[in-house]
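Since the model is a prediction, treat every value here as computed from it, not as a measurement. Chain identifiers are assigned alphabetically (A, B, ...) following the order of the sequence lines, protein sequences preceding nucleic acid strands; residue numbering begins at 1 within each chain.
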Amino acid sequence: MSEILTTEKDNDTEDIVEAYTKQDYKFGFVTDIEMDTAPPGLSEEIIRFISMKKNEPEFLLEWRLNAFKHWQTMEEPEWSNVNYKTVDYQNIIYYAAPKKKQTLDSLDEVDPELIKTYEKLGIPLAEQKRLSGVAVDAVFDSVSVATTFKEKLEEMGIIFCSFSEAVTNHPDLIKKYLGTVVPYRDNFFASLNSAVFTDGSFCYIPKGVKCPMELSTYFRINTAGTGQFERTLIIADEDSEVSYLEGCTAPMRDENQLHAAVVELIAHKNAKIKYSTVQNWYPGDKDGNGGIYNFVTKRGRCEGNNSKISWTQVETGSAITWKYPSVILKGDNSIGEFYSVALTNNMQQADTGTKMVHMGKNTRSNIVSKGISAGKGQNSYRGLVKVLKNASNARNYTQCDSMLLGDRCGAHTFPYIDVGNTTSQVEHEASTSKIGEDQIFYCQQRGISAEDAVSMIVNGFCKEVFKELPMEFAVEAKKLLEVSLEGSVG
Amino acid sequence: MLEIKNLWARIEDKEILRGINLTINKGEVHAIMGPNGSGKSTLAQILAGRETYEVTEGSINFKGNDLLDMDPEIRAGEGIFMAFQYPVEIPGVSCTYFLKSALNGIRDHKGQPPLDAMEFLSTIREKMDILGIDQSLINRAVNEGFSGGEKKRNEIFQMQVLNPDLAILDETDSGLDIDALKVVASGVTQFKNPEKSVIVVTHYQRLLDYITPDFIHVLYNGKIVKSGGKELAHKLEDEGYDRIKNEADSLQSAEESTV
Ligand SMILES: Nc1ncnc2c1ncn2[C@@H]1O[C@H](COP(=O)(O)OP(=O)(O)OP(=O)(O)O)[C@@H](O)[C@H]1O
Ligand SMILES: [Mg+2]
């Protein structure tokens, strides 16, 4: 686990960093195996330190260093429709050995607001404790369930483990696939992640295997919480199928302000990957202080013919979300889907969307994006549909709806379409609606309170996306919207 | 049941209701007629608690309580139902889900436990049969893509399920073919009993042929300018509103000149 230092950057920072690195170099901190936290700042030495700490093979270290070299030549993007205080990358600690979260003795010590939210979401007591960092008994339900699951998966040849374990136990797979969908040169945040990522999830579904259960980070043993620079890699071999759930509806307590994850998905011939996310990180207080910056690169490649990748996401958290799950449709007849609900309330900003790149023949993509803005929230949809020259008969359908609650919020749509093939067909539909006073009144007249009416109307608006979510997740997502919208009426 | 005293209401600086007085007892059916724009829907919506209108004077008492003090959902809980002249669409929310939330909202207000899915289904099944409502219709989103007649029928269906004490029907007969009109009328007739009151806003005699009103009131320019028994409707149908309008207008100018 790594964490951001909250101290203000002062003029001496650079000197201090320099002093640190020099000193470390001089005294050889790199060889000091006992040390479990790197000093703040980013340098080649730090990256070597991380790689060594994790006992990584040479190829991975090299890859990290290349990423770092490249990152140094890049500028932080400014093109997204969001504003934030810039991050001081030299003030971040990039490696801290997985240490136990500071535990509390009981729920009484936890912020009562947080407990209230857990209760509204119907989160079981044991789980509330885990989430808020209260020490739990050794025998904890989800852990034993997870063990049973893991055994079953192993029998089928499915690999599902932390990224670090995969590096140790399956270096060949990592070497073969890492960075093949999101190269380390891809963008500022992906390069940074490639240089310094510490852990994440890995999943491999062998040929012909249909994974019998939803895989979720929640059931992955040894997860040490959310990493600041997570790396996820999922490979579905020929004729296989997997549904993967990421995230948690409970608001996560996290000291890290910047999150820059990378997710890569690869679907071989006839394989299907469904990736569902519910993201509810701390959005900051009403004035927008202290929230998490979520800058994620998620991309899948439909490598083989007839393969399919679906992204479904419900985003209600974070102060700033910058995220475009994409699909590269390389195999003929492959299908890419993107279903998204993004809600912004108070001072939250979200700039999300997708990219669908059609390369193979008869490829199809379907985009349904629902943006909800409340309070002073700003919500942008940015989508790119690109059809390459050889993608004959490619089809895209995009539907992009925005809903406004109140008149201090905003919704923005930026569709980019780039078609290089005359036999293809690209359709885009967009709508913006204000939640109607007449709709709310109609509900109230029937006995439904204004607050319930709003969540009912918003849920109705999101229905096309929710129906894509696995059942349990959909129920949670619904509750989550209700809680996130609380107090936004009137 | 309901007592409206000297009710004045406006929207922005436009005066719409100018001193309405109306008393409705248990078991009575009152019809409100009057030319377009006279304020019928405004009166209905104010009874239901719409905040767009500002009540500037007067009082409304419902079952012994001050109605103007209550939020719309509380009024619904207390037993007021209004069938909308223009029912609203709620995309993505199924009729069944909507109605179940409504019914349980009202039950909660009355201190009754919520109905579970099975109990709810058996409650609505019977009403669906009466009104010839198809399962496929109530599986759809509330009023979305419904024909005019389907919307009106759905309003009456909701009234039957929610079982209010005072039902206000705002032009529920408009846009109905003759068969649908009979179905809707029989829905109202079945609902009617000595404990319940109904306000029917309509332009046509034909609905009143099925639902016999105890009183008919003519609203003009925000005032009730004439009240009578069921025979008044026939007279209006024959003569139109001209005579009543003229009488009211001359009365109005007489009043104004004495001020
Ligand atoms: N929201 C509003 N904004 C502005 N004017 C309004 C509004 N609602 C009603 N009015 C005006 O108030 C007057 C009364 O309207 P209301 O809808 O109550 O009439 P009505 O008697 O129901 O007519 P109809 O028979 O056509 O349904 C009309 O002049 C109408 O234009
Ligand atoms: Mg009207």
Is [X] close to chain A through its backbone or its side chain, or both, or neither, when contacts mean heavy atoms under 4.5 Å?
| X | value |
| --- | --- |
| B/Gln45 | both |
| B/Ile90 | both |
| B/Arg75 | neither |
| B/Tyr86 | neither |
| B/Ile80 | both |

So that I can tick it off, tell me whether [Y] and [X] are bridged by a salt bridge, with the cut-off set at under 4.0 angstrom between side-chain N and carboxylate O.
| X | Y | result |
| --- | --- | --- |
| B/Lys40 | B/Asp170 | no |
| B/Lys5 | B/Glu57 | no |
| B/Lys152 | B/Glu171 | no |

Could you tell me which of A/Glu437, A/Gln445, A/Lys463 has the largest number of non-hydrogen atom pairs under 4.5 Å with chain B? A/Gln445

Tell me, for A/Cys462 versus chain B, whether the close heavy atoms (under 4.5 Å) come from the side chain, the backbone, both or neither. neither

With a 4.5 angstrom heavy-atom cut-off, could you sort out which part of A/Phe461 is near chain B: side chain, backbone, both or neither? backbone

Would you say the ring centroid of B/Phe191 lies under 6.0 angstrom from that of B/Phe81? no

With respect to chain A, which residue among B/Ser94, B/Pro164, B/Gly49, B/Ala141 yields the maximal number of heavy-atom pairs within a distance under 4.5 Å? B/Gly49

Any B/Pro113 side-chain heavy atom under 4.5 Å of B/Arg107 side chain: yes

Out of the candidates B/Val198, B/Thr202, B/Val201, only one should pair with B/Leu169 under the side chain to side chain contact (heavy atoms under 4.5 Å, CB included) rule; please name it. B/Val198

Please identify which of these residues, B/Ile138, B/Asp134, B/Ile133, meets the side chain to side chain contact (heavy atoms under 4.5 Å, CB included) condition with B/Ser136. B/Asp134

